[in-house]
Structure formats: structure tokens, C-alpha cells
Amino acid sequence: MIEITNFRNNHLIDPHLEIWEWPIAVYLFLGGLVAGLMILNGVWRLMNKQTDAPASTRMAPLWAPVLLSLGMFFLWIDLSYKTHVYRFYMTFQIASPMSWGAWILILVYPAQLLAIGIATEIKSFKGPFRFLNLPIAFLQAAAFGKEKLIAWLNITMGAGLGIYTGILLAAFAARPLWNTALLGPLFLISGLSTAAAWNLLSKPAHDEEKTLVRWDLALIAIELMLITVFLIGLATGPQGHQDAGELLLGGSFTATFWVFVVIVGLLLPFWLELREVTGRFAPKWAAPVFVLVGGLALRLIMVYAGQVSHIPDVEMLSGGF
Amino acid sequence: MARYGMVIDTKRCVGCHSCVISCFLENEVPEGYTRDWIVEVVSGKSPDFRMELRSERCNHCDDPPCVFVCPCGASYKEEGTGIVLVHKDKCSGCKACLAACPYNARFINPKGYADKCTFCDHRVKAGLKPGCASTCPTKAINFGDFDEPGSELHRLMEGRVVKTLKPDAGTKPQIYFLL
Amino acid sequence: MSNHFNRRQFIKIAGMGSAAAGLAASGMNPWGWPANALAGSLGSDVQVIPTFCELCFWKCGINAKVRDGKIIKLEGHPKHPLSNGRLCPRGNGGTGLTYDPDRLKKPLMRVQKRGEDVFREVSWEDALDFTAEKMLDIKAKHTADCLALFNHGYGATFIKTLLMAYGTHSIAAPSYAQCRGPREVGFELTFGEEVLSPERTDIKNSRMLVLIGSHLGENMHNTQVQEFADAMANGAKLVVVDPRHSVAAGKADWYLPIKPGTDIALLLAWMNVLISEELYDKEYVEQHTYGFEQLKQHVKSYTPEKVWKITGIRPALIRATAREMGHQKPAVLIHPGRHVTWYGDDTQRSRAIAILNALVGSWGRKGGFFYPGELDVPMPELPKFPPMTKKRADLQLKDYPLAFSTLASGLCDATFPAPQAECQLKGWFVYGTNLFFSLPKPEQTREALQHLEFVAVSDVLPMEIVGWADVVLPDATYLERYDDLHVGHYRDPFIALRQPVIEPLYDTRPPWWVSKELAKRLDVADYFPWDNIEDYLQQRLTPMGIKLSDLKKDGVKVFPRQALYFEDGVQPEFYTDSGKIELYSAKLASYGHDPIPVFTDHGDPPEGYFRLLFGRAPVHTFGRTTNNRVLNRVIDTNHVWINRRIAEQWGIKNGQMIRLQNQDGAITNEIAAKVTERIRHDCVYMTHGFGHKAKGLTNKKGASDSDLITRYNTDPIMGGTGMNVNFVTFVV
Ligand SMILES: Nc1nc2c(c(=O)[nH]1)N[C@H]1C(S)=C(S)[C@@H](COP(=O)(O)OP(=O)(O)OC[C@H]3O[C@@H](n4cnc5c(=O)[nH]c(N)nc54)[C@H](O)[C@@H]3O)O[C@H]1N2
Ligand SMILES: Nc1nc2c(c(=O)[nH]1)N[C@H]1C(S)=C(S)[C@@H](COP(=O)(O)OP(=O)(O)OC[C@H]3O[C@@H](n4cnc5c(=O)[nH]c(N)nc54)[C@H](O)[C@@H]3O)O[C@H]1N2
Ligand code: SF4
Ligand code: SF4
Ligand code: SF4
Ligand code: SF4
Ligand code: SF4
Ligand SMILES: [Mo]
């Protein structure tokens, strides 16, 4: 037998870490979504199809800074001492993914604004948003003639942002569930998928819609693959990783993970989109909504389950001496 | 240059919590939190049990992930002592260091910054032992400088089975437990 | 200034320790540390005031650190022989008592029926007048011997003087008949001397330590635990005999999970092996003991095989441990225990322990029992105390000629009307003992209280007993008051001072003041012939050549060590009838008791019941600290230890809240189960002191073992109350 008594009781730490809650997950979700929106916009432009894709190239650039700011708001909500947020920007810590992230968040804004500048299709605003016309005119002037460059900028910054949302967690060796190189790609792909879904909900043009659905099918397929590899990696890793895998494969997070992430977030939209591509009936709103739900669920579960996972003590490994 | 650390004798320790309570008072640890704690592990079968009692705290890791992840440069390993500390005035309370510590040694002080064992650096710099080490009735907690030639810490480890916590976390703890 | 420093600089800095702290506090920061680095308990604004601890009765020296009139920390006094600079957890958490918001803050007088815990605040003047009036009334109507003083703790010294001056002889503490009385009687009968407190056990020099129940490490008497760790580090062999795998057992070379109540059999079997294999200290036994032949005959039948059946300890284990004793003698300490009132034959068990120690020759030897340092600090001349007018109250119903202290339980018994009693107690003065937690049969205590004409209680917290008072005298805590000098007799004799480190927080008064004030009103002011406590203390210190002002700075004065052992010059003298160590006690025989201990069976629990055992948590002292907010940050409740197999049979899960009910139907509050393999299947265990019910206390968590002690076995030799005789079952 082995009886372990830990007499510690630190608020939000014991019996397991609970320092980050849903705002962080929402922030990661929005970060991934924005990253995806930026990349998709760039890709359409590089394909020179911007005029055929109004949702991805005209609406999305307007949403991106709003969603990103919302994400940062959630990040800020989670800070223990709100007025100290400026301290992120008093320094740059090269070894700290979070410091990179803080700066990336700032640096993507110019790229996003320039993207607004090249969204030439944007007509003048009327009504309450009239005040935006002047700055947009400025942006348009600034961006004029640099469309390709700005497209590339959005793709690279978007990829940076998307991968970063995964790396942020992956950098924590102390939390085996997070501590895998797959988390960056997984969050990036998932971000792209949620971005495609977002655009699908923003009145896309007919061809745009067909393309987005195809892309999303591919993205979901890749995501499924990444998740499989991720789970195999956990199950075959050291004890801490096995325990972490156990959380998703036969533990407290298993049901939510399979239902919301895998079934609702991936398999169901995959099936619906497959029907759509093959010309069978599928409600147009359904797949994108499920993808967004799945994307949020993935981050929520990763944030919460990750904090439960830990490197076990040696004595637990050996099960007694 | 010094490299401070502890050698804690699990054979001497009786799990009394004197170390924990003295730390509360020395460091005004806020209620609901603790910087050090006791872990009791009993294994085996009656009557041949084996018991290990450990007084645990921040390990002042040589490779401290809590420092690497800190986005604000608030967590740092002090030059000249190797003590891992937090600059209250730089901390944003982002909690990255809490997530990064494999030992869950940190917490957020309700005053808004990451808090943890400081090795009582204020005492050490005044030539005193840390609070916990100085009150421990069994002298289980030994504090000193690993870099000091002929250090008492090395002598204590001679001929004993020694371990650090979660060595596979790769943090190189500076607290050694004598079994 | 740079952040770097080298080793040499550091040593220099270290040498200037206090200077460094001072500099930093004054805002200078010569080494470039962050400005907030030097804080905590250091700084020139911190005053260090020595005194001694009262979180238990060990009296360790402390240095109290005070900043802006607030005690910020307590540290071990480095020169005090009982603390050696270190404190146990309770000592560290002492501020939690002084700053307990639940404290008694003003004198109180009862306004409703006794026990209903309803009071009004009164002035000290009124409270003292009332107390004196009632006491004089009892004296006039029934004589002073009909008023009893229950007391515990160092604050009681002046109160005892007062009550003796008033004329009573019924003065008792629960630390005798409920604690170490049987041990002292057993050792006195054997060696002619007591073990005393602090115990004269030379633990740190032991080569082999045998703990019978004594759960050092949970029982946190500071110096003993310090020495226990030293002994372990020096490679001493350890045997722990306990039905529960205690912390000490976790360090043992041999752990003997004995069936509760069968220790005498084991002790006799050890003697059997030592004698039959001729492993005992022959020279010592021959020179110093009386009755060896009788003992030899007596233990012949207690073979390890026979005792195995009684105790459950395998013969090989009994032999191996006995042989190790023979091998390590004389530095073998069979620890006498402290709280030994277990089964009613406790004096005999203590005798058996004493005899075993004699066989290995450990009394008066290094690593065994030392001779404590002597120091005579004369008491100031006082008038003679009034003589006894009636038979001592606790001996009314049954005489215990071998008991040399008053029995607290006996005083409680003497409060009930009894035809043969010369005096039924009419008044109780209770200082620093919560009788509902310290005496067995709390129901009987409750009834007794209803028989009384007058009850005064001095306490610091609104404990259960306070609710039963007619008048409540709120005491200043040990950090707020002077008490009498502590003349300590450990290896080195010493004098220690208790002095206030802060002013009393509330309208509370120290016991010296209360005693002196009451003395005036009781017309016995002659017994307090000094104006204030400092004069008194200086009076006592003057013959010792000590200035009070110096002692206030130093806290303790240690006197030169004298010989500790026979081998370094103590004359082997034994104040027994035979002048020898009495393996055979003719005295016991003459009073009709067994001259050599005999094993008696204490029976098994009835079906579905388990023997209730209890002990200490390292962080708490009895029920007196379980409201302490500092200590409660670590442990604020107790658990009942249940054997895993039994718990499975009952379907009880670890952490599940259950209740315990004893053989008489007494039932506890809810308590969490600790399901463990670390306890035998025939008993359960809990720490004493939790499960408060008094309305003024904040922490009422856990269950009280006292509630379940509705029966006890009386020790026929000295009247101790063996309390490990209750059986409980689970209410799930
Ligand atoms: N932290 C702390 N320390 C204290 C105190 C405190 O309140 N708190 N109180 C002090 C005082 S006044 C005293 S008297 C001492 C008491 O402390 P001790 O004298 O050391 O111990 P007890 O309370 O008698 O015994 C408790 C142990 O005896 C075991 N036991 C019970 N029945 C039997 C039996 O039949 N046979 C054997 N062999 N073992 C048995 C129990 O399982 C338990 O481990 O502690 C002192 N130290
Ligand atoms: N059921 C059961 N009964 C036991 C024991 C057990 O383990 N279980 N143990 C026995 C033993 S070993 C002993 S030594 C006794 C101990 O018995 P007690 O010493 O009576 O122990 P407590 O019940 O803690 O009561 C102490 C009281 O003193 C008060 N007090 C504390 N400090 C001060 C002060 O400075 N001044 C005043 N005036 N009051 C103060 C506390 O508030 C509390 O009400 O109990 C014995 N009885
Ligand atoms: S004070 Fe010492 S003996 Fe007590 S728990 Fe801490 S390390 Fe162990
Ligand atoms: S124990 Fe944790 S907090 Fe301390 S240095 Fe190591 S990683 Fe950092
Ligand atoms: S909580 Fe403070 S110390 Fe910890 S990582 Fe964030 S900024 Fe750094
Ligand atoms: S070194 Fe100081 S801060 Fe660290 S656990 Fe010990 S007392 Fe607490
Ligand atoms: S043993 Fe602990 S509680 Fe008792 S006097 Fe010493 S420090 Fe105080
Ligand atoms: Mo006691």
C-alpha cells in the first residue's frame, strides 16, 4: 500500500491548479480565430480572388481587430492585478512565450489595420460609423500598392499568432497535457477552421462559400489527424503524459472532450460539409456553428485539463518502495 | 558567488509543521496560503511500513521554468545567491509562473503578485538562517551554500541516499532530501 | 553597488547580522538588494523580548519580536535549555492565542441558571468582591477545605498560594490522576524518585530507545523531540510499541503493533528473555536492586510464546528486541511515557517499565535516566498556611496512601453528597483547566457543577467550563503578564523569567494581581508581602545574585552543570524502603497490591465495537489551542483512524463524515474518517481536543474523545483514571 498525505492547502493550487479559467480559454479561442481570419484573407488575396470573397476579405478584416481586442480583454480579466497590465510592455523576455505573445498581440494590429486599408471594396460608412471613414481613408492611402506585401504580412503574423496560442501552453513542461510540440499546429489548424466557419457565417459569396467548405473539410481532417497523434503521443509518453492522456481517454474530461470537441466540433461538421460538397442537403449555418463550438470547447478542455495534469512524484510512479 | 540550497533530512523530520507556522509569521504569508508544506508518504505492509516525511517548498531550481516563462522579467534568479525571487514591482499577476512550476510552489498573493518561498533572503542577507530552518526542532532543515568548499551541506549528504523532487522535470532543484 | 558579492564579503556581512538589518531598516541599502528585501521579523524597529512559552507545560524559552506594539513573531530562545533556539509548532503559533478575537475580554457574572452560559460584564472590583464574599461564605459555613482549586499551567502559582492561604488543601491538576501520576508513583516505588517534568530521560545519548505508546513527534514536547531526532541521527535503535503506526513508529527499527492494553505482558516477556538469556546488567542488578530472585521466578512463565498469544507480537520479534536491549545496555531507555492513565493498572505498567530499565541498568546512566541539575531558589518567607480541617476531599471515598498529589477526578467525586464524606465540596475555583475536556465522564462533571454553591473560573477563552461559572476572571495571556520565576531542573539548572511582551489587550488581569487583590479581600494579604510583581521577583532573585533588569534582557540564567550519571559522580542512592531499586515492592504488598506487576486482561471490544484510543496532534495542545487561528491554518479538525479492512466492511470511505457512539450511547459530532492500514483492526484513534461546543468559540470542528469517555478504570494504587477502556461503534 501507499498512503500519501499532503498537508498543503493553497487556494487555487490544491488539490490541483485552477489558476486559469474560461477567460483564458476564450482568449485562446479568439486569438486562434483572428489568426485564421488573417491568414485566410491573405491567402484569398495571394490567389487574387479578393473580389470573389467578400466575407473573408472585406468583413473579416473589420472583425479581426475587434475580436482580438475582445480576446485581450479576456486576458486582462484574468490578471490578478489589472492595473499592472502595462508591466508586460516594460520589457521583452526572449525566453517567455507569453512575452512574445504580448508583443505579437500588439504587432498584429498594424498588419490588421493595413489589411483594412487594402480591403478596397469597403465603401464609405453611413450613420453612426461615419467617423471611421477618415481613418479608413488614411489606411487605404497607406496601403495603396502594397497589397501583396500586406497579404504576406497577414499570413505570417496570423500564423505567428495562431501557433503562439498553442505554444503558450506547450511551453509548460510542468503540465504534460500541454507539453507537446503538436499543440502549436493543432491550435493553428483549429484556428483556421474556426476562421473558415466564421467567414461562412458572414454572408460569403457563392464561390467563396464552396471553397471555404472544401478548405474546412481539409482542415478538419488534418485536425482529426493531429488529435489522434496527440493522443497517441500522450498514451505512449512518460507517466505524466499517460496520466494526462487518461484525462481525455478515460477520466474526468473524457465525455466532454469526445462529445464537444470530437463529435460536435469535428465529426458532425465534417459530415455536414461532406453532404454539402456532394450536393446533399445540409443546413448552412450548422457546420460553422459546430466548428466554432468545437474550437471553443477544445480550448476550454485544454486549459482546464492541462491544469490537472502534472508530473507525478517519484513515489507515485513506482507505487511504493 | 554562492549557490544557496537546503539539505532536508527526512529521517529527522517528524512532520510537526513548526517550519510551516514559523514561515507564516516570518513572511506574513496571507491566510489560505503557505510557502512550505509537509508531505507524508507511508508505504509497505504492517508492521513493515516505511515512512518518509518531507518539508517541501520552492526548490530554487537551477533551471527554473518559472523564471523562463515570466513575461515581465519579474521572476528572477538572483545573481550571486541562486535564490529564485519575484520582483513585486514588476509582476503583472499573469500566473504563468504558477503554471510553469512543476512543484506548485507558487501562489498569487492577494496583494496581486506571485509569491513563494524566498529562502528568507532578508534573513540570509542579515546573516541568519531562514525562518523554517532556524525553528525546526529536529534540525531536519539545513540551509547553506553548496559552493562553499567543505560545506556542511555536502558533509550531510555523504553516505546517505539523496533525492530531489521530480528530477524528470529537468529543473535541477537546489533542495535535496536525505532518505 | 552591484548585486554581486563573494563568499568573503558574505561572511563579513553575516558577522554584522544585526547591523545589516538595522541599516536596511533605516533605508540604507549598501549591497543593492531590492529595497524591500530586508523585512520580515528583522529591522531596528523590532524589539526582542525574552520570556517563556505557555502553549503547553514544557516552558520553552522564547524571544518575542514586537513591532509597533504588536507581536509579529515568536522564536526559540537560543540560550534556554528547553528550547535551544527552536520552538515546536504550537510555540511558534502562540500569537494566535493572544490575538484570538474570541478571547475573554472583561470580567463576567452569571445572570441565568448555571451552565446556560449567559453573563453580564462587570468591573474587576465587583467580580473580586463577589468572589471573596462567596469564598468567605463557604469558609464560614463549611470550612475552607470544602472549596477546591482545579488548576493547570504556570499562571496558577500565585492562585495556589492564595487558596492555600485561604485554607484549602483540595488543590489538584488534571496532569496527575489523568496524566502522569501512575508513572511517578511507579518510578518512586522502584527507584525512590520520580521521572519529573521535563522528563529526566537522556534520549539524545541513548543507544536504544523503546517507546511504549509515547508518540514523540506528535507529542511535541520540544526538547524531547529535539533529542529524539539527535538519537535517530546518531544511529540509536528504536523500538515502538503502539497499536497505531505513529510518526515515531515510522522511524522505528522494530515496530510492534501491540494489542491495546497488553503492554505489561510484553514487558514481562522482555524481562523473561533478558533474565533467561542472562543479558541483563548483572553487576548493576547485583549492586543496586532488591528482589531479583522473586522477579526471576515471577517472569519465568511469561515466555515470548505465551505472550505472543496475548499481545499479538511474534516471539521472534520479542526475542530480537530483548536481545538488542541486552546488547546496547546500559544506554537503553525504555521511555516511561507521560500520559499513562490508560487501563487502570497503569502504576503497575509503569513499575514494569521501571523494572525493565533497572535490568538494563539505565537509571543513573548515560543514555538512560540522568540526575537533573539542582538549584535552590528559596521562596520568600511566608506565614504558615492554615492546617487541614477535614480529610482531603479526594480521599473521602477511598484512600490512596501511595498517591502523593491530589486527584482532580477525586475532587469531582467529592462534590456529590455521600454519607461517609466528611466534607462535600461546595465551591470550585478553576484556573486554566477545561474540566469538560480534561476529566473523564463529562456528564458527571456537569452534574457536580450543579451541586455547588459557587464556581469561579479563570481562563483566557470562553471554553466549556467558563459557561458554568458564576464569575469569570479573564486572564491575561502568557505574553501579557509576569508570572513567578521558573526554576528549571533539566540537565543544566536554570532560572527563567516570564514577562509581558505587550500590554494586556483587554480588561484582563494577570494572576499575580488577581491573587493579591483577592488576598486583601480574604484577609490573607500577609501572604503577598510585596507591592508589585517586580519587587517580588527581585526579592527572589537577590539571593541568587541576579538583577531583575538583567534577567529581563536575558530571559534565562543557566547555572553550571552538575554530575548527571553514576559514572560521572552521582552517588547511587535510592530513597526506597530497602534503599535499593525495588524490583520487588514490599510496600505494594503491604497495601495489598501485587509486589511485582502482573498482566491482567482488559478484554476485547464487543462485536461491532472498537477500543477508543486518543493522543496528540503536533500542532495542538489538548483542547486549548483548537481555536487558535494561526495553528488552525495547518490543522483545524481531527480524524478518526479506522483500519482499512474494517472501513471496507462498514463501507466507510476515506474522508467520509461519520459519528462515533460508545457502549453507553454517548455520541459525538461529525468527524472525518481516515481510512488507513496504520492502525490495528480492534481499535480506532483520534486526536484529543477537537469537537468544542462552547458557544463563544469559533472553531467547533471535529469530535471530542472526552464525550466518549463515560467509563474509566480507577488505578487501585494511586487513583488514576484509566480512560482507554471505552468502546465505540460507527454511526454512518
Ligand atoms: N503536540 C502536543 N504535544 C503534547 C501535548 C499536546 O497536547 N500536544 N501534551 C503533552 C502532555 S501533557 C502529555 S501527557 C503528553 C502525552 O503524550 P504521550 O505520553 O506520548 O502519549 P499518550 O497520549 O499517552 O499516548 C498516545 C499514543 O499511545 C498509543 N496507545 C494507546 N493505547 C495503547 C496501548 O494500550 N499500548 C500502547 N503501547 N500504546 C497505546 C496511541 O496509539 C498513541 O499513539 O504529550 C505532551 N505533548
Ligand atoms: N479525554 C481526554 N482527557 C484528557 C486527556 C486526553 O488525551 N483525552 N489528556 C489528559 C492529560 S495528559 C492532561 S495533561 C490534561 C490536560 O488538561 P488541561 O490542561 O485542563 O487541558 P485543556 O482542556 O486544554 O484546558 C486548558 C484550559 O486552560 C485555558 N488556558 C490556556 N492558557 C491559559 C492561561 O494563560 N490562563 C488561564 N487562566 N487559562 C488558560 C484554556 O483556554 C483551557 O480552557 O487532560 C487530561 N485529560
Ligand atoms: S519543523 Fe522540522 S521536523 Fe517539523 S515538519 Fe518542519 S522539517 Fe519536519
Ligand atoms: S520550485 Fe517552482 S517556483 Fe521554485 S524555482 Fe523551481 S520552478 Fe520556480
Ligand atoms: S505572475 Fe508575475 S512573476 Fe509570475 S510569470 Fe506572471 S509576471 Fe512573472
Ligand atoms: S525559507 Fe523562509 S520563505 Fe522559504 S519556506 Fe522557509 S521560512 Fe518560508
Ligand atoms: S513544547 Fe512547544 S508549546 Fe510547549 S512550551 Fe515548548 S514551544 Fe511551547
Ligand atoms: Mo499530560
Side-chain angles (χ1 to χ4, degrees), chain B residues 1-2 9 11-29 31-34 37-38 40 42 44-53 78-81 85 87-89 118 120-128 131 134-140 145 147-149, chain C residues 3-7 10 13-18 20-21 24 31 33-34 36-42 72-76 85-89 91-93 95 216-218 220 222 225-226 228-230 232-233 245 247-251 255-257 618-619 629-631 633-635 677-678:
Chain B
M1 293 289 269
D9 194 336
K11 285 260 156 59
R12 276 184 170 265
C13 175
V14 293
C16 71
H17 285 87
S18 236
C19 45
V20 176
I21 291 166
S22 80
C23 180
F24 289 162
L25 292 148
E26 178 67 45
N27 298 297
E28 293 178 53
V29 181
E31 214 154 313
Y33 299 91
T34 178
W37 58 91
I38 307 303
E40 174 196 84
V42 182
K45 243 180 91 166
S46 183
D48 301 312
F49 293 110
R50 183 190 179 287
M51 179 188 280
E52 185 176 308
L53 282 161
E78 189 176 66
E79 269 185 70
T81 64
L85 294 169
H87 253 301
K88 293 177 197 165
D89 311 342
T118 56
C120 285
D121 65 317
H122 62 289
R123 288 175 63 97
V124 172
K125 285 157 194 167
L128 300 167
S134 71
T135 204
C136 170
T138 68
K139 300 194 192 124
D145 175 5
D147 279 353
E148 185 191 319
Chain C
N3 258 344
H4 296 261
F5 63 22
N6 61 31
R7 181 65 209 156
F10 182 74
I13 296 166
M16 315 190 304
S18 49
W31 303 290
W33 308 111
N36 60 3
L38 294 182
S41 67
L42 308 181
I72 54 169
K73 196 178 177 219
L74 305 171
E75 290 182 353
R86 292 157 190 273
L87 293 180
C88 91
N92 268 299
T95 50
L216 296 185
E218 289 157 286
M220 267 318 286
N222 194 356
V225 175
Q226 295 185 11
F228 177 51
D230 286 342
M232 293 298 98
H245 182 253
V247 164
K251 307 198 179 295
Y255 165 49
L256 279 49
V619 176
R629 284 159 206 238
V630 175
L631 300 177
R633 287 174 64 172
V634 174
I635 297 171
E677 287 178 26
R678 295 173 56 196

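As a basis for the values below, the full set of heavy atoms in this structure was taken, side chains included, without hydrogen atoms, waters or symmetry mates. All chains are named by letter (A, B, ...) in the order of the sequence lines, taking the proteins before the strands, and each is independently numbered beginning at 1. In this text, all values refer to a predicted model and were calculated from it rather than measured experimentally.
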- prompt: Are any of the side-chain nitrogens in B:E26 or C:K73 under 4.0 Å away from the carboxylate oxygens of its partner?
  reply: yes

- prompt: Hey, does the Lys NZ or Arg CZ of C:R678 hover above the aromatic six-ring of B:F49, less than 6.0 Å from the centre and inside 45° of the axis?
  reply: no

- request: Compute whether any side-chain donor of one residue and acceptor of the other, for B:S18 and C:N92, lie under 3.5 angstrom apart.
  value: yes

query: In terms of heavy-atom proximity below 4.5 Å to chain C, should B:K11 be classed as side chain, backbone, both, or neither?
result: backbone

task: Could you look at C:Q226 and say if it's the side chain, the backbone, both or neither that has a heavy atom under 4.5 Å from chain B?
output: both

Euclidean distance, C:R629 CZ relative to B:E31 CD, rounded to 0.5 Å: 8.0 Å

query: Which heavy atom in B:P137 sits nearest to a heavy atom in C:C88, and how many Å separate them?
result: CG-CA, 4.2 Å

B:D9 CG to C:M232 CE distance, which is reported to the nearest 0.5 Å: 11.5 Å

Residue among B:K45, B:E28, B:E40 with most heavy-atom pairs under 4.5 Å to chain C: B:E40

- prompt: Can you say whether B:S22 sits under 4.5 Å from chain C via the side chain, the backbone, both, or neither, judging by heavy atoms?
  reply: both

- line: Turns out that what part of C:L87 lies under 4.5 Å from chain B's heavy atoms comes down to both

field: Close side-chain approach of C:M220 and B:V14, heavy atoms under 4.5 Å
entry: yes

message: Can you confirm whether C:D230 sits close enough to B:R12 that some side-chain heavy atom of one is under 4.5 Å from a side-chain heavy atom of the other?
response: yes

field: Note, C:L74 side chain near B:L25 side chain (heavy atom, < 4.5 Å)
entry: no

- line: Nearest heavy-atom approach of B:F24 to C:V630 is CE1-O, 4.2 Å

message: If you count heavy-atom pairs within less than 4.5 Å of chain C, which of B:S134, B:C19, B:G15 leads?
response: B:S134

statement: Looking only at heavy atoms, the pair that brings C:H245 and B:V42 closest together is CE1-CG1, 4.1 Å

task: Just do the side chain to side chain contact (heavy atoms under 4.5 Å, CB included) check on C:K251 and B:L53 with the steps written out, would you?
output: CA-CA 10 Å; C:K251 307 198 179 295; B:L53 282 161; 4.2 Å; yes

Check: C:L42 and B:R123 side chains under 4.5 Å, non-hydrogen atoms: yes

- line: Here the gap from B:T138 atom OG1 to C:L216 atom CG, rounded to the nearest 0.5 Å, amounts to 12.5 Å

query: For B:C120, is it the side chain, the backbone, both or neither that has a heavy atom under 4.5 Å from a heavy atom of chain C?
result: neither

message: Quick check: closest heavy atoms across B:S46 and C:Y255, and the distance to 0.1 Å?
response: OG-CE2, 4.4 Å

- prompt: Relative to chain B, which of C:G93, C:A229, C:P89, C:P618 shows the most heavy atom pairs under 4.5 Å?
  reply: C:P89

